[in-house]
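Contents: one structure, followed by commentary.
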Amino acid sequence: MRKWRQTLAVILAALLLSAMADGNMDSVSASSTAGTEQEKPESEMTEEEKAAKEAKEAYEKEIQTAYELPVQTNELKGWPKGPGTYGDAAIVMDVDSGAILYAKNIDKKEYPASITKVLTALLAFQYGDMSSQVTISPEALACLGSGYASIGLKEGNVINLEQTMYAMLLASANEAAYAVGETIAAGQGQDYDWFLEQMNEKCKELGGVNSNFVNTNGVFDENHYTCARDMALIGRALFDYPLFFQICQTQQYTIPVSDTVEEHVFQQKHHMLIQGNKDYYEYAVGGKTGYTTEAENTLITMADNGDRRLVCVVLKTYGGYPYSDTKALLDYGFDNFQKVSISEYEKDEIFEKISDDAYVMLPEGVEFDDLEREIDLHEDGTRDAEVTYYYKDMPVGMCEATVVSSYKNKEIKFGEKVKEGEQTSEKNNKGYKALAAIGLAVILMICIVISLIVTRISRKRKRRRRRRR
């Protein structure tokens, strides 16, 4: 009996510990923030201490509110539940397929802060010559407010574009980012405003529809905003430029002293890319940090585990959580999805050719037949098209395809997009209407027959009554 009681006690203790371990992160956070020193009674606090306490409580409430914001992909039936994050918005996107694996307010407008610089870098790689000279102008230095990142470049300093890129992406130097925009624009016979126009055009070209960039560095401006989806699309495009990843994986860089510049030494700031840092992530290959008071912490991170490549973006993230949130999101993306070949499973005869290496990203339990597709015929008049696959309106992959010559759909014109699911739905609606009409006709016929039968029975009864009389 005593052994039985001891066993029961052990089981209950284990269950209690398990329940505590499974508690949500805000409980852990609350316990970790409890000070080792006992807090003063409010009656003994100074006005400054009371104000500090109120500010702390308000900030903790903001963090809790952010953590409780809904995660849209968690609401999809059959989709694996993703982690909560301590920020307003977050996304995980598969680079090669364009699949969105995790979505939390991915189209909500947010301030990007210094992750703006990855878009500046993208245009520099597209238009620039890395050996060209960059001269630091008064305008480049004018953007430096109190607390904004800088490596201390001076007016008239001359370095090459590649060195400027290292200063911008590693040290987050705001004067370097401005100078990149000026230099690239000048190389095209244009001015700084032209470069800003190209930033916005490039974002739209990549599929972004919810951004507006008014500077090259992310210095706060109410009209300078983006969203998680748009930033992920920009990050995805950077995989075409190996130099970006070479820069991001550099631990320390030196601009040597010369006749035109003093020596400048600076280090990587993205903790997940710093070997030996507690936040180091073995699959991280690139990224950029950002912070302003208005934007809070922003972070974009590219990762490659040898099998797939992901981009993760977190916006308006509080406290020390951008790295832990990003790690949890990347682990989620790597662990819960698998590549499913489009050419292997797409059996519709409207396609003459589909890219052999194209795939969709699906979790266990979601089948290829569960997807809808959208066909976007190219505007060049050919039968080539981009086909995007969706699961419950969430894109899970895309491919290039060629449709057969006999494929004709009056609703699809070159450059327009029509979801196959929507076409099927319309056909179904027409079918339902036809069935309903047939059903009504049958019911009407039945009613007429019944009416005739009742009439005949009634007449027979009347005749019998007359005979009896």
Side-chain angles (χ1 to χ4, degrees), residues 89 91 93-98 100 106-130 132 134 143 161-162 164-165 168-169 172 174 176-219 221 223-245 247-248 286-288 290 295 298-302 309 311-313 315 376 378-379 386 388 395 398 400 415 417:
I91 190 172
M93 179 181 287
D94 180 70
V95 170
D96 298 294
S97 67
I100 294 176
I106 61 174
D107 293 315
K108 183 182 178 184
K109 291 180 181 178
E110 301 283 1
Y111 300 126
S114 281
I115 64 172
T116 299
K117 294 173 176 120
V118 299
L119 177 54
T120 303
L122 180 61
L123 287 169
F125 292 132
Q126 180 179 340
Y127 289 105
D129 175 357
M130 292 298 130
S132 62
V134 176
C143 70
L161 182 57
E162 184 171 323
T164 314
M165 297 287 281
M168 177 178 73
L169 293 172
S172 200
N174 288 290
Y178 194 102
V180 167
E182 281 187 318
T183 302
I184 298 300
Q188 302 296 314
Q190 303 289 339
D191 59 11
Y192 180 76
D193 288 338
W194 172 87
F195 189 89
L196 299 180
E197 291 173 5
Q198 295 308 302
M199 291 176 72
N200 288 297
E201 286 301 315
K202 188 65 179 180
C203 183
K204 291 175 184 176
E205 177 190 319
L206 295 172
V209 296
N210 208 22
S211 297
N212 187 59
F213 298 95
V214 300
N215 59 55
T216 57
N217 45 32
V219 169
D221 187 297
N223 294 315
H224 186 88
Y225 55 81
T226 189
C227 66
R229 188 200 298 260
D230 291 5
M231 288 308 305
L233 292 168
I234 293 165
R236 182 187 180 207
L238 280 162
F239 276 86
D240 290 335
Y241 300 96
L243 182 56
F244 173 80
F245 297 95
I247 293 172
C248 289
K288 182 72 190 73
T298 63
L299 191 69
I300 180 170
T301 308
M302 296 80 161
R309 304 182 297 178
V311 179
C312 178
V313 179
L315 298 176
D376 183 8
H378 295 331
E379 296 179 353
E386 182 180 77
T388 305
M398 62 181 64
E400 287 295 316
K417 300 178 181 180

Nearest 0.5 Å, what's the [atom1]-[atom2] distance between [X] and [Y]?
{"X": "Asp230", "Y": "Asn210", "atom1": "CG", "atom2": "CG", "value": "6.0 Å"}
{"X": "Ser114", "Y": "Asn174", "atom1": "OG", "atom2": "CG", "value": "5.0 Å"}
{"X": "Thr226", "Y": "Lys108", "atom1": "OG1", "atom2": "NZ", "value": "13.5 Å"}
{"X": "Ile91", "Y": "Ile300", "atom1": "CD1", "atom2": "CD1", "value": "10.0 Å"}
{"X": "Tyr111", "Y": "Leu315", "atom1": "OH", "atom2": "CG", "value": "13.0 Å"}
{"X": "Gln190", "Y": "Phe195", "atom1": "CD", "atom2": "CZ", "value": "12.5 Å"}

Is a donor on one side and an acceptor on the other found under 3.5 Å between the side chain of Asn217 and the backbone of Ala177? no
Main-chain N/O of Glu386 paired with Asp376 side-chain donor or acceptor, under 3.5 Å: no
Contact summary for [X] and [Y], nearest pair of heavy atoms:
{"X": "Ser211", "Y": "Asn200", "answer": "O-OD1, 4.2 Å"}
{"X": "Val95", "Y": "Arg236", "answer": "O-NE, 2.5 Å"}
{"X": "Ser132", "Y": "Asp129", "answer": "OG-O, 2.6 Å"}
{"X": "Pro395", "Y": "Thr388", "answer": "CB-CG2, 4.4 Å"}
{"X": "Leu233", "Y": "Gly207", "answer": "CD1-C, 3.6 Å"}
{"X": "Val219", "Y": "Cys143", "answer": "CG2-O, 4.0 Å"}

With a 4.5 Å limit on heavy-atom distance, are the side chains of [X] and [Y] in contact?
{"X": "Phe213", "Y": "His224", "answer": "yes"}
{"X": "Phe244", "Y": "Leu169", "answer": "yes"}
{"X": "Leu123", "Y": "Met199", "answer": "yes"}
{"X": "Met231", "Y": "Ile115", "answer": "yes"}
{"X": "Thr164", "Y": "Thr183", "answer": "no"}

side-chain hydrogen bond (donor to acceptor under 3.5 Å, both in side chains) partners of [X], counting only residues at least two apart:
{"X": "Tyr241", "value": "none"}
{"X": "Asp96", "value": "Arg309"}
{"X": "Thr216", "value": "Tyr192"}

Going by distance alone, is a donor N or O of one side chain under 3.5 Å from an acceptor N or O of the other, for Thr298 and Lys288? no
Apply salt bridge (Lys or Arg N to Asp or Glu O under 4.0 Å) to Lys109 and list each qualifying residue two or more places apart in sequence or on a separate chain. none
Set of residues satisfying salt bridge (Lys or Arg N to Asp or Glu O under 4.0 Å) with respect to Glu205, sequence neighbours excluded: Lys202
Going by the rule side chain to side chain contact (heavy atoms under 4.5 Å, CB included), which residues pair with Met165 if we only count those two or more places apart in sequence or in a different chain? Ala121, Ala124, Phe125, Met130, Leu161, Met168, Val180, Ile247
